[in-house]
Amino acid sequence: QCKMKDLLALVILLGSFPHTTTFSNIAAKPRSMFWETVDAQLPNPPPRIAAWIAASKADTTKALVIDSDHLAHSSEDIPNLTARPYWSSEDAGCEWVTALEGSSAEIISEYQSVFSRGEASWIADSNFASVMGEDWASLRLMRHGAWIPSVTSKFPITTEAVKRSGAPLTVRNVMFCRQGPASGVKEHSDGRNFILTTHLGISIPEKHELLHLDVAGQRSTWESGRASTFSTAFLHSTQNDSTEERVVLLIDFWHPEVTYAERDALTKIYVIRRHLEMKLLTEEEGASSLNNIDTILNNIFGRFKRRER
């Protein structure tokens, strides 16, 4: 895996990003800045990552093609990865989920304690509100592969439980997700076949029949203290028709068939992305939030696709 000294050297070298004085100026350049830095820092990436970089550079439309199995295909796919909607803790590379479930009681207790004291609050994902809905919100412990100390310090038990489980954490998120009553997330794909996602039930309404998670047309639900693992590369949606909120702990992790060398390369790419994001925030004079940054970076790296029902 990436050694800390290598990442530190990478971050230091990333200071070579051009300095600009306005958000509009830097917004016009981020794509070229991003890929130039990737090329400089990954001159000899693993073959599948080299193909992935080339395809991502060439594809400026970020279009997704949905097949008959409800799986989204894109230029950012890593080839020859097993694709199925749901995964089990018995599957190779997913065994850590059982350990996470074993810590569920203490995670749930900490969550209830922190929120009851008013020490944490939800943040709406307004940049994708048309998909996520107006009553979906999150509290991120990790974003783009980096722990957020201001949040993890409030949830030390949860943070340690995730680490202790052995989850092969990826370059995305660990976060609590809330879905309010009588609301849902519309059908969409995250467009990354190299990442799987686990939901651990934290606060689940008793009437399970009023809750559902649909992945590739296959319906399931959530249970308190139990985990559901699935691929968000497939079209998926959620619905909460109860009168109570539904809360899960979401953990993104590497697809088991992504090699360690490929994980290292993708991690370095996300470090570059994160550093560029920080520079954009620094240069955005008086900007109010991450939403504009995410819009720009989503056009550089990654996609988020909604399909109307």
Side-chain angles (χ1 to χ4, degrees), residues 2 76 87 93-94 96-97 100 103 107 110-111 114 120-129 131-133 136-156 158-179 185 188-203 213 215 222 227-234 236-238 246-255 258 263 266-278 281 289-291 293-295 297-298 300-305:
C2 284
E76 291 180 9
W87 292 67
C94 299
W96 63 271
V97 173
L100 182 72
S103 300
I107 293 172
E110 181 177 62
Y111 162 82
V114 172
S121 57
W122 298 106
I123 300 174
D125 195 335
S126 59
N127 198 41
F128 297 118
V131 175
M132 306 307 291
W136 184 95
S138 67
L139 178 62
R140 300 175 192 268
L141 286 77
M142 172 182 283
R143 185 171 187 272
H144 299 323
W147 291 104
I148 303 173
S150 61
V151 181
T152 57
S153 62
K154 297 174 183 177
F155 294 92
T158 300
T159 303
E160 180 57 30
V162 172
K163 293 178 179 178
R164 190 174 61 243
S165 74
L169 299 177
T170 181
V171 285
R172 286 185 66 185
N173 302 305
V174 174
M175 60 184 177
F176 291 106
C177 298
R178 175 192 182 275
Q179 188 172 323
V185 174
H188 67 283
S189 169
D190 292 2
R192 296 179 179 92
N193 74 338
F194 53 90
I195 292 174
L196 301 180
T197 296
T198 288
H199 284 183
L200 178 69
I202 300 297
S203 180
L213 166 66
V215 183
W222 299 270
S228 299
T229 299
F230 59 101
S231 169
T232 59
F234 286 88
H236 59 285
S237 62
T238 68
R246 181 235 65 191
V247 177
V248 298
L249 177 65
L250 180 153
I251 299 173
D252 291 320
F253 66 100
W254 294 111
H255 188 295
V258 178
R263 296 177 191 186
L266 288 168
T267 298
K268 288 181 179 180
I269 290 171
Y270 268 82
V271 169
I272 294 168
R273 180 195 196 277
R274 194 159 61 243
H275 188 83
L276 175 55
E277 179 182 78
M278 288 188 289
L281 281 171
S289 73
L290 284 170
N291 291 335
I293 307 300
D294 278 338
T295 298
L297 290 172
N298 206 47
I300 302 171
F301 183 67
R303 63 196 81 228
F304 192 92
K305 180 69 175 178

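Numbers here are sequence positions counted from 1.
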Test side chain to side chain donor-acceptor pair (under 3.5 Å) applied to [X] - qualifying residues, sequence neighbours left out:
{"X": "Ser231", "value": "none"}
{"X": "Thr232", "value": "Asp190"}
{"X": "Thr170", "value": "none"}
{"X": "Thr152", "value": "none"}

Applying ring-ring contact (aromatic ring centres under 6.0 Å, His included), can you list everything that pairs with [X], at least two apart in sequence or on another chain?
{"X": "Trp254", "answer": "none"}
{"X": "Trp122", "answer": "Phe115"}
{"X": "Phe176", "answer": "Tyr111, Phe155"}

Interatomic distance, [X] atom [atom1] to [Y] atom [atom2] [nearest 0.5 angstrom]:
{"X": "Ile202", "Y": "Thr158", "atom1": "CD1", "atom2": "OG1", "value": "7.0 Å"}
{"X": "Thr267", "Y": "Arg274", "atom1": "OG1", "atom2": "CZ", "value": "9.0 Å"}
{"X": "Thr238", "Y": "Met132", "atom1": "OG1", "atom2": "CE", "value": "7.0 Å"}
{"X": "Thr159", "Y": "Leu141", "atom1": "OG1", "atom2": "CG", "value": "5.0 Å"}

Name all residues meeting the side chain to side chain contact (heavy atoms under 4.5 Å, CB included) criterion together with Ala227; count only those two or more places apart in sequence or in a different chain, and write none if there are none. Val97, Glu101, Thr198, Leu200
For Met142, what residues pass the side chain to side chain contact (heavy atoms under 4.5 Å, CB included) criterion, not counting sequence neighbours? Trp147, Leu169, Val174
Does a side-chain heavy-atom distance below 4.5 Å link [X] with [Y]?
{"X": "Val151", "Y": "Arg140", "result": "no"}
{"X": "Trp136", "Y": "Val131", "result": "no"}
{"X": "Arg143", "Y": "Ile148", "result": "yes"}

Where is the tightest heavy-atom contact between [X] and [Y], given as atom of each residue plus distance?
{"X": "Ser150", "Y": "Ser153", "result": "O-OG, 3.4 Å"}
{"X": "Pro168", "Y": "Gly93", "result": "CG-O, 4.4 Å"}
{"X": "Ser138", "Y": "Met175", "result": "CB-SD, 3.8 Å"}
{"X": "His236", "Y": "Ser189", "result": "CE1-CA, 4.2 Å"}
{"X": "Arg192", "Y": "Ala233", "result": "O-CB, 4.0 Å"}
{"X": "Lys154", "Y": "Glu110", "result": "O-OE2, 4.0 Å"}

Mind checking what makes salt bridge (charged side-chain N to carboxylate O under 4.0 Å, His left out) contact with Arg178, not counting sequence neighbours? Asp135, Glu245
Could you go through Val185 and Gln179, starting from their C-alpha distance and side-chain angles, then the distance that decides it, and tell me whether this counts as side chain to side chain contact (heavy atoms under 4.5 Å, CB included)? CA-CA 8 Å; Val185 174; Gln179 188 172 323; 4.1 Å; yes
Checking the side chain of Arg172 only, and the main-chain atoms of Ile195 only, is there a donor and an acceptor separated by less than 3.5 Å? no
Donor-acceptor check, side chain of His199 to backbone of Leu249, threshold 3.5 angstrom: yes or no?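 Not at all, since once roles are kept as given, no pair shorter than 3.5 Å links the two residues.
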